[in-house]
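Single-structure report; data block below.
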Amino acid sequence: MVIATADAIVDETEIVAPPASRVPLVIRVLFGRPTRAVATVILLLFALMAIIGPMLYPNNLRVDPEHIFAGPSAKHWLGTDYAGADVLAEILVGSRYVITSAIIAGILMVAIGTAVGLISGYYRGVAESGLMRITDFMLTLPSLPLLIVLSQKWKFGSPLMMGLILGITGWAFIARPIRSQALSLRERGFLEAARGLGLPARHVIWREILPNVAPFVAMNLLLSFIGSIYAQTGLFFLGAVPYSSTNWGVMLRQAVEGGALQASSAIAYLLAPMGCIMLINLCVVLLLDATDELFNPRLRG
Amino acid sequence: MVDLIVRPRAGETIDTDAAVRIRDLTVVYKTAAGELPAVSHANLTLRAGEITGLVGESGSGKSTLALSILNGVRAPGRISTGSVDVVNAGDVTTLAGAELRQVRGGTVGYVFQASQNSLNPLKTIGKQLLDLGRSHGVADPKSLIRRARELAEQMGMDADRVIMSHQHELSGGMRQRVGIIFALVLNAKVLILDEPTTALDMLSQAAVLEIVRQVHKERHLATLIVTHDMGVVAELADRLAVMYGGRLVEDGPALDVLRQPEHPYTAALIRAMPRIVGDTASARALPGRPPDLMTVPRRGCVFRDRCPLAMPKCADTEPQLVEWMPGRHRACYADLSDVTAFAAQPATSVGAAAQPTATATPEAGSDTVTEGAGQ
Amino acid sequence: MIEAHGIRRTYHRRTLLGRTDVKALRGVDFELPNGGAISFIGESGCGKTTLGKILTGLESYDEGTLMIDGVDVAKTSGKKRARLFRQVQMIHQDPYSALNPTRTIRQILGDPLAMRASELGKPKSWIDERAAELLNLVGLDAEGVLPKYPHALSGGQRQRIVIARALTVDPEVLIADECVSMIDVSMRLGILKLLRDLRADLGISLMFITHDVATARYIGDGGELHVIYRGEVIERGPTDQVITEPVHPYTQCLLSAVPVMHGLEESGSDRLVPLATLDERVAADGCLFAPRCPFAQANCSTEHPTLMSYAGDDGHRHACFYPEPRRVVATELAV
């Protein structure tokens, strides 16, 4: 009786799995596909814009009363606004407010919402119902009128303020779905096992449940980011909130007020901020499926 | 084309009862490492009036082989060589579209694993029967309902209740029986059951197997039962075919194969089964893990790393499936007497290690019954 | 180690049409000694899974007493109660959902071991050592397995890791609920023998819950078999005795359903099938099995049989007014 030894056959049973990559995961995921690579680069450009944009121009943009609502030209790539100031400059300057406040809002919304969702999904009893009642209350608050009222009290001049307010009014929408996910995971064997083993609640919530809802959280972070951009742009556009700085929402409002819809040459003034918002939206959407790959070990391979 | 027999090729003897003839079938799947075979050069014949048990672990290719009888292998898999001749239909690998649909259900009835996956959760059973009739161009779809009722009563179910139910209102055993009804309601001549009793408890399992036996006998079908549990078919099957790593390694009359297995894998598999009688100490699990698509050896015998009778020859060329006795085939280089001696031994340290160990290689292999492609 | 008396559990379902109660357990008694083994056999829905959950503390019970290690669990609460139930670890049926897909094996074993380390006052280095020790104990190559994620391992390997994880808290009892039913038949024996060896070497008591009677034979000597029907134990005794000499018609039906390996075995001469399929709605005045019993007599539907000894042997008990040993199990053929 001959017993085959394993090493004699090693070269035949070639394991054909692809070799483990040396490139860091994030780089691989974000630049793996052409669409994602392009989207990532564009978003990075916008981030750059937000950081250095306002530094490129003086506080008060140079106005050129001779050329109000001029169309795109060699001197003014995107034309001029109602006061003759360069639209491109306004885009670059205004980006900081928009992007910063959206980031703050997004992070705040997701942080509070996830925490509330996970805690109320894990604990039963008073903690659960208490948190849920608060969440329901926040959900029923009419955010638009609230924001209008609040804007009378506080100036939304700083992006921090705007981000804070949007974040605090918006987290409830995330808490509920996160809670549902946490509840459905409860029945999974590994969570029952964690309870049986006596693992502490803190560990179970943050180390066991959270990584399993991470793709959802990341996706919501991106969506909240875009949502916040739309929210604040909308607020400024509707004139619901008085403005005191340059930002894209303000530009849209002034464009419409200034009759940009009628004067065809001023179309650039209207389209520039709109275009930026839509471009950011598109790029974020293209990256949404990357979040699943980033956080799901099974897809990473 | 109305063929009552599967036409033999030149040089082959006429097998008047052959309802399905699989010749040299190879099914490949597209992976990151190229096209890998899930089934390799399979030869199998199913005859009317015979129940054949196709036994193999996960990753053996048994489900893929069964699906090929329907020409149902989908991308990223495809049939690369070979033919599957089915009675009244010819070579199904050459059929497509409406012709193929007629064969599916009309000639070949397929009962899927865990039938809940093949039933529409939103429609009642009755409605789905009507859909089936329509898609097969049945002149009077209501006659299907009548036939289904007869079958349901025969299987001990309340026909009215079943017809009006949705799939979630039925128990596991009932769903499986409904699956069998769907497979037979169009008077198929070939019945294929893929893991028919996996999710069922013992009593339901016995009931379903008894129904299969009855229905098979009454309609003189050619029945194929695909399973990983040899015990399930040991009582029912007339013939047994054993698969490993995409190859058929042994086949023959069930009684003979069980009593005198002539392939080391078959012998080891029989010994590895938990049984209700017999010495518990002599039972021995197979060491190692069954290969899957990625880890099947490319050269030589696929079983050699777990085989206690392996020789140097086994690493070089793959043994062919040969008929060593009328009606019995095996694919092994070991002498018949050596295999018999191995099978008769009570307890030996089998293979490379007495304890199954995790190999250091990054396989994502499977040894459970609910895995997908490449099975 | 575990003593259960009269455990009852009813699920209440409230619908618009009123309240329906499903009696999952109707008074179950048993004693699991240190290092002992009991197998619970029954159809799906008979209450055996509920019993497992009650014993691990995941579910509560309505009536009865449950003593773990001599302590009545009803009299404990909070941390003490959690500690008590920690001595009873469950091995689930599904090795796929039993491990957190986002954590490596090192982390999965490390989490409870870190807890243990601080309890026992061991240094951090002990965690890795102990993890490797446990993995070797369950027959896995520690180095190969620790850095992996669960999805890279097979079902059998995962089940072994589940067992290793259960062992991290040094339990006294392992409850295996259908723990091999999702694993290929050829690999099942490996897991069953592992459980048997753990029992023999470490003195861990085993409670084996399954619908597959054959697997119950492999968890070691001196085991008991309890047959559950609709929440009631209707026959119990030494494993081999109940299998070869069953006296309750339901046990006989279950054993008759085991397929016979033609060529190797000969079918039992008295095999039975139940008369009808299980219907939960049937009320429980007399014997619960009476509507399906091929041997039911008149009084079976009106009087409720309780567990009684068979032929004076207190080790073998049954709940039938007309017990009769029948040859339902196959016998081995001389090859």
Side-chain angles (χ1 to χ4, degrees), chain B residues 57-58 156-157 171-174 200-207 209-210 228-236 254-260 268-270 272-278 280 283-287 289-290 344 355-371, chain C residues 41-44 95-96 135 139-141 143-145 148 151-158 160 180 182-193 211-215 217-218 243-244 253-265 267 273-274 276-278 329-333 335:
Chain B
E57 294 172 284
S58 306
M157 295 194 288
S171 72
M174 289 173 88
L200 304 178
D201 60 46
M202 299 247 70
L203 290 176
S204 306
Q205 174 176 294
L209 291 177
E210 181 56 32
H228 73 291
D229 187 347
M230 207 183 287
V232 161
V233 285
E235 196 169 6
L236 203 58
L255 213 66
D256 298 333
V257 172
L258 288 172
R259 198 159 39 199
Q260 197 202 356
L269 203 57
I270 294 173
M273 288 177 45
R275 284 173 49 198
I276 197 88
V277 285
T280 55
R284 190 57 79 131
L286 273 155
R289 271 158 54 185
Q355 273 183 342
T357 52
T359 49
T361 50
E363 315 154 33
S366 61
D367 57 12
T368 53
V369 285
T370 51
E371 287 291 301
Chain C
I41 313 286
E43 288 171 283
S44 42
Y96 288 92
L135 285 172
L140 291 174
D141 169 30
E143 266 181 50
V145 151
K148 291 196 177 159
H151 67 91
L153 303 170
S154 72
Q157 289 172 312
R158 272 187 251 210
R160 284 169 195 270
V180 289
M182 288 184 74
I183 299 179
D184 259 350
V185 173
S186 65
M187 330 264 343
R188 284 183 191 177
L189 264 179
I191 305 282
L192 293 174
K193 294 209 164 176
H211 71 273
D212 183 351
V213 192
T215 51
R217 293 179 69 221
Y218 291 84
I243 288 181
T244 49
C253 285
L254 276 184
L255 290 168
S256 300
V258 177
V260 168
M261 307 252 314
H262 277 323
L264 297 170
E265 294 167 3
S267 171
V273 282
T277 47
L278 183 60
V329 150
T331 41
E332 253 195 319
L333 279 175
V335 180

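Numbered from 1 within each chain, the chains take letters A, B, ... in sequence-line order. No experiment lies behind these values; they were computed from the predicted model shown.
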Inset, instruction - Please flag which part of C:L255 lies under 4.5 Å from any non-hydrogen atom of chain B: side chain, backbone, both or neither. - result: side chain

Legend entry - Closest heavy-atom pair and its distance - C:V185, B:P274: CG1-CD, 4.2 Å

Inset, instruction - Search all heavy atoms of B:E235 against all heavy atoms of C:P259 and return the closest pair with its distance. - result: OE1-CA, 3.3 Å

Inset, instruction - For a side-chain contact (heavy atoms from CB on, under 4.5 Å) with B:I276, tell me which candidate from C:T244, C:T215, C:V329 qualifies. - result: C:V329

Inset, instruction - Select one option (side chain, backbone, both, neither) describing which atoms of B:L236 are under 4.5 Å from chain C's heavy atoms. - result: neither

Inset, instruction - Under 4.5 Å heavy-atom distance to chain C, tell me which part of B:L269 shows up: side chain, backbone, both or neither. - result: side chain

Legend entry - CA sep, side-chain torsions, deciding dist, call: B:M202, C:I41, side-chain contact (heavy atoms from CB on, under 4.5 Å): CA-CA 10 Å; B:M202 299 247 70; C:I41 313 286; over 6 Å; no

Legend entry - Rounded distance [0.5 Å steps], CD in B:Q205 versus CG in C:D212: 8.0 Å

Legend entry - Per-residue contact mode, C:L254 against chain B (heavy atom under 4.5 angstrom): both

Legend entry - Least distance between heavy atoms, B:H228 atom then C:I183 atom: NE2-O, 4.3 Å

Legend entry - Heavy-atom pairs under 4.5 Å with chain B, option from C:G42, C:S267, C:A214 with the top count: C:A214

Legend entry - side chain to side chain donor-acceptor pair (under 3.5 Å) involving B:S204 - partner list, sequence neighbours excluded: B:D201

Legend entry - Over all atoms of both residues, closest heavy-atom pair of B:R284 and C:L189: N-CD1, 3.6 Å

Inset, instruction - Check C:L264 against B:R259 and note the closest heavy-atom contact, atom names and distance. - result: CD2-CA, 4.2 Å

Legend entry - Residues which pass salt bridge (Lys or Arg N to Asp or Glu O under 4.0 Å) with B:D229, listed by chain and number, not counting sequence neighbours: none

Legend entry - Shortest non-hydrogen contact from C:M187 toward B:P290: SD-CD, 3.8 Å

Inset, instruction - Give, for atom CG of B:D256 and atom NE2 of C:H262, the distance between the pair rounded to the nearest 0.5 Å. - result: 13.0 Å

Legend entry - Within 6.0 Å of CD in C:E332, more than 12 heavy atoms from elsewhere: yes

Inset, instruction - Please confirm whether the backbone N or O of B:R275 pairs with a side-chain atom of C:R217, one donor and one acceptor, at under 3.5 Å? - result: yes

Legend entry - Region of C:E43 in contact with chain B, defined by heavy-atom distances below 4.5 Å: both

